[in-house]
Enquirer: 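Below you'll find the structure I mean.
Here is the naming used below: chain letters follow the sequence lines, and residue numbers restart at 1 for every chain.
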Amino acid sequence: MQYTDYKNALPNLKGKIIAFDTEATGLDPWHGDRVFCWAYYSSKGEWGFMWKTSSNLAWLKNLLNDDSKHIVFHNAKYDLQMLYFEGIDVFNLKSDIHDTMVLSKVLDSVEKFHNLRHLSRRYLRGDTSDKDEIEYWLKSNKRAFVKQYNRSPNFSDAPIKLIKKRVLWDAQTTLKLFSKLYPLAKKRCRELYETERKLILVCLHMELSGVTIDISKAKQLKEEASNHSKQIQKELNQLVCPLTLQYNKGKEVIKQFNPNSPLKHLPAAFEKLGISLRYRTKPKKNKKKGRKTGGGNWSFDEYSLIRYTSKPLSEVLYQSSKENWGFDKFYNVIHNIVDKYKLPKSELLPALILKHRELTKLVSTYYAHLIEDCVDVVTTPAGREFGVLHCKFNQSEAVTGRFSSSKPNLQNMPRLLGPRECFIPRKGRKLWLIDYAQVEMRFYAHFAKDKKMAERLPSDLHRWTASEMYKKPPEQITKEERERAGSINFAVIYGSGAATMAETLSRKGSPTTQSKALQFINKYHSIYPSVRKTARKLSHQLAVQGYITNPFGRRYYIPNKFSYKALNYMCQGTSADLIKKAMVGIWFWLRERCLRTKLLMTIHDELVFEIPYSEEKLVLPKLIQFMEDRTNYFVPITVGIDVAKKRWSQKEKFELTSLVH
DNA sequence: GACGCGCGCCC
DNA sequence: GTACGGGCGCGCGTCC
């Protein structure tokens with residue numbers, strides 16, 4: 001085979017559609033990874049391989065700005081990000097950018113794999129052996145490489161022949177896939193694909209913008225949490241050590257108890273203190289295997305641990321969990337309770353484990369990343385450190401169409417504990433949080449065309465539901481009753497059965513039997529009969545045609561045995577596509593007007609913006625206009641606004657009317 | 001080192 | 001007799 005390196009003459013491509021694949025030294029440009037080569041295949045059969053040189057880069061840049069071309073990538077966000085770091089203005093390219101990964105996801109949302117290898121097998125019956133070679137090389141040369149260069153090998157270290165084979169195969173496969181998938185998408189869900197295609201830029205821009213972190217604050221909170229966890233560790237050691245652990249090989253006596261070891265240390269500690277174990281773990285759904293796995297071990301989750309304590313203590317533990325007590329309060333209260341009621345010291349074990357777990361989780365999952373993953377760290381004259389955190393947002397990961405976030409995951413920052421204190425707006429700006437009001441519930445009402453639900457949603461659905469369930473006027477409904485009705489609202493729309501609902505309600509502190517749960521469910525369906533009808537209608541549709549389609553044209557090929565998921569997918573997916581469309585509208589509107597307002601995050605039904613003071617009046621009403629939809633659904637889809645001047649944790653309600661004077 | 005598992009945070 | 005939606009990621013322990 002002949003390869004061209006284009007040392008002198010650069011090609012003038014005739015093909016209108018050109019698939020590209022770039023290869024880089026790694027995945028993370030923020031920590032130095034860079035493109036080093038690429039390959040292309042065009043619809044006129046032209047193809048080639050190029051190293052990254054300044055002239056080749058200039059050629060590529062020109063091509064990307066040729067408005068007669070369609071440029072196809074597989075996972076364009078990645079390639080564009082890499083090209084951004086080569087100085088290319090990827091947000092204003094004149095060519096049309098396409099993405100076969102996005103196409104694949106749009107066509108079959110439920111399919112788990114969208115990489116080239118799988119798609120090649122599925123749509124092209126392609127040979128994938130070329131692709132595996134380089135990965136095999138990396139694996140088998142890792143050890144020697146680390147020894148010699150003190151780092152792992154990356155793609156750029158592989159033999160040139162393998163690199164070329166791989167990158168050309170990727171580009172060629174991308175082109176073939178595009179010619180297969182694009183016509184399908186155009187026919188089936190053109191609008192949806194167009195939204196997702198534009199969303200690539202929105203998403204990349206969010207990632208590149210990043211969010212500002214008060215690193216000093218994170219360090220301080222991390223220090224506090226780890227000191228507290230050490231204090232608990234000490235007390236736990238006194239309580240249970242020395243501890244004898246049983247292993248296959250034999251016994252081991254330890255002086256340092258590890259509360260994060262649910263298989264070894266925890267059973268040993270409970271046994272030593274004379275608490276007989278009662279609860280076992282249940283099999284859990286495994287995403288990879290698609291079935292339930294595990295289960296059967298002793299369980300030490302929060303609910304089990306609380307049940308190992310007697311009433312006065314367990315009530316306190318529930319309360320603390322609900323209200324997120326600080327360390328000192330928690331620590332004092334549990335010791336006071338144990339003294340006051342003369343409970344055996346061993347009851348401290350579950351309580352201390354719970355707090356220890358919370359603290360170590362805060363440190364390892366949250367604070368550590370807020371501190372270590374920041375870039376562009378600056379230190380003020382006063383000695384405070386600030387940095388920017390660039391997480392990843394993935395528009396094509398969740399089966400329903402939702403976004404996911406990773407490295408670190410900004411979508412699961414605890415709402416009541418410290419981490420949100422570390423998120424701050426840039427100078428001269430505030431954080432604005434705009435969230436849809438009970439959006440999924442509204443889509444349930446929409447799909448069910450349930451008048452009663454629709455009327456109640458804008459006021460207080462849970463309260464009304466509770467009122468009807470407990471046969472009391474709404475104003476007499478207690479907080480607990482309203483919460484329970486809320487749980488039931490959610491459980492029913494998740495398609496849950498009596499067993500799970502009983503478990504959920506019990507976990508939340510209101511012990512419920514299965515038969516009671518069944519009564520709740522039946523009662524619920526007698527209040528809102530159209531929900532069950534709609535679920536059945538969707539299951540039927542699924543059985544007949546093999547898929548269901550949401551209002552944005554996203555199809556869900558749900559296996560029939562999971563048809564109970566249909567209604568939930570429809571509601572979750574519709575709200576996901578609604579917010580995606582709003583994001584695109586907003587981002588392009590902001591860009592056209594060269595505004596400095598930034599979209600920072602998307603958290604399922606909420607968008608987080610950073611708005612300069614001077615743009616508030618102009619931008620806020622427009623954002624709301626893009627997000628809300630008061631006409632196209634059975635229930636108006638509306639938003640609420642919160643603003644955080646200093647820290648995410650200090651957000652407060654905001655009324656748009658207060659903006660108009 | 002990869003993977004399964006238990007656990008827990010978010011909407 | 002079955003069945004609670006969608007995510008990410010940690011530490012531990014086992015197996016290769």
Side-chain angles (χ1 to χ4, degrees), chain A residues 109-110 139 142-143 152 245 247-249 258-266 279-289 291-305 321 324 353-354 357-358 360-366 368-369 391-394 397-417 419-420 435-436 438-441 444 487-488 490-505 507 517 521 535 556 558 561-573 575-576 579 601-606:
Chain A
S109 214
V110 177
K139 232 179 211 170
K142 179 156 188 179
R143 193 163 280 197
S152 293
L245 304 179
Y247 284 96
N248 292 341
K249 297 172 199 160
N258 182 354
N260 288 325
S261 164
L263 295 180
K264 291 288 174 201
H265 290 227
L266 289 186
Y279 314 108
R280 291 191 183 269
T281 61
K282 296 193 177 93
K284 236 181 66 185
K285 193 162 40 193
N286 183 309
K287 200 188 167 194
K288 247 187 182 155
K289 294 192 176 177
R291 60 179 167 84
K292 294 200 167 182
T293 60
N297 297 312
W298 293 117
S299 169
F300 299 99
D301 63 3
E302 185 179 31
Y303 182 43
S304 305
L305 285 176
S321 150
N324 275 293
I353 290 169
L354 276 174
R357 194 179 278 161
E358 176 191 308
T360 51
K361 170 141 188 161
L362 278 175
V363 171
S364 61
T365 306
Y366 301 108
H369 286 288
C391 87
K392 292 183 168 189
F393 287 101
N394 195 331
E397 194 59 44
V399 295
T400 54
R402 268 191 182 177
F403 264 95
S404 76
S405 156
S406 61
K407 286 177 188 292
N409 181 355
L410 296 190
Q411 292 179 327
N412 72 346
M413 288 296 149
R415 290 183 315 159
L416 302 176
L417 299 170
R420 289 193 188 200
D435 69 312
Y436 285 104
Q438 320 105 323
V439 62
E440 282 178 36
M441 205 60 90
Y444 276 92
S487 297
I488 295 165
F490 278 104
V492 171
I493 65 183
Y494 289 159
S496 67
T500 321
M501 182 180 294
E503 173 87 10
T504 308
L505 290 174
R507 273 175 188 276
I521 294 173
Y556 302 107
I558 303 170
K561 62 174 174 174
F562 295 127
S563 66
Y564 68 91
K565 294 183 178 183
L567 183 53
N568 179 255
Y569 275 29
M570 286 293 276
C571 298
Q572 200 183 112
S575 65
I579 202 169
M601 298 188 246
T602 170
I603 310 179
H604 308 308
D605 61 354
E606 170 178 352

Enquirer: Listed by chain and number, what are the salt bridge (Lys or Arg N to Asp or Glu O under 4.0 Å) partners of A/Glu358, not counting sequence neighbours?
Expert: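 Here the qualifying residues are A/Lys355.
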
Enquirer: Charged N to carboxylate O below 4.0 Å: is that the case for A/Lys361 and A/Glu302?
Expert: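 Answer for the salt bridge query: no.
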
Enquirer: Does A/Thr504 reach a base, just sugar-phosphate, or nothing at all? Heavy atoms under 4.0 Å.
Expert: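 Base contact - A/Thr504 has a heavy atom under 4.0 Å of at least one base atom.
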
Enquirer: Which residues pass the side-chain hydrogen bond (donor to acceptor under 3.5 Å, both in side chains) test with A/Asn394, sequence neighbours left out?
Expert: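 Only A/Glu397 meet the side-chain hydrogen bond (donor to acceptor under 3.5 Å, both in side chains) criterion with A/Asn394.
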
Enquirer: Could you work out, with side-chain hydrogen bond (donor to acceptor under 3.5 Å, both in side chains) as the rule, every residue matching A/Ser487, not counting sequence neighbours?
Expert: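 Once residues adjacent in sequence are excluded, the partners of A/Ser487 under the side-chain hydrogen bond (donor to acceptor under 3.5 Å, both in side chains) criterion are A/Lys508.
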
Enquirer: Which whole-number value in Å describes the distance from A/Glu503 CD to C/dT2 P?
Expert: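 Rounded to the whole Å, the gap is 15 Å.
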
Enquirer: Heavy atoms within less than 4.0 Å of DNA chain B: which residues of residues 408-415 of chain A have one? Give them sorted by number.
Expert: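 Per residue number, the list reads A/Gln411, A/Asn412, A/Met413, A/Pro414, A/Arg415.
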
Enquirer: Output the single nucleotide from C/dG5, B/dC7, C/dG6 whose closest atom is nearest the side chain of A/His604.
Expert: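 Among C/dG5, B/dC7, C/dG6, the one nearest the side chain of A/His604 is C/dG6.
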
Enquirer: Among B/dC7, C/dG7, B/dC10, find the nucleotide with the atom closest to the side chain of A/Ser404.
Expert: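 The listed nucleotide nearest to A/Ser404's side chain is C/dG7.
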
Enquirer: Between B/dC7, C/dG13, C/dG7, spot the one nearest the side chain of A/Val399, thanks.
Expert: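 It is C/dG7.
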
Enquirer: Within the pair A/Ser405 and C/dC8, is there a side-chain N or O less than 4.0 Å away from OP1 or OP2?
Expert: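 Answer is no, no contact under 4.0 Å.
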
Enquirer: List the residues meeting side chain to side chain contact (heavy atoms under 4.5 Å, CB included) with A/Pro408, not counting sequence neighbours, and say none if there are none.
Expert: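 A/Pro408 satisfies side chain to side chain contact (heavy atoms under 4.5 Å, CB included) with A/His369, A/Asp373, A/Leu389, A/Cys391, A/Leu410 only.
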
Enquirer: Just to verify, what does A/Phe300 make a ring-ring contact (aromatic ring centres under 6.0 Å, His included) with, not counting sequence neighbours?
Expert: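 With sequence neighbours excluded, A/Phe300 shows a ring-ring contact (aromatic ring centres under 6.0 Å, His included) to A/Phe270, given in chain and number order.
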
Enquirer: Please determine whether any donor N or O and acceptor N or O are separated by less than 3.5 Å between the side chain of A/Lys264 and the base of C/dG13.
Expert: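 No such pair is found, so the answer is no.
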
Enquirer: If you look at every strand shown and take non-hydrogen atoms under 4.0 Å, does A/Asn297 touch a base, only sugar-phosphate, or nothing?
Expert: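 Counting heavy atoms under 4.0 Å across all strands, the contact made by A/Asn297 is with sugar-phosphate only.
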
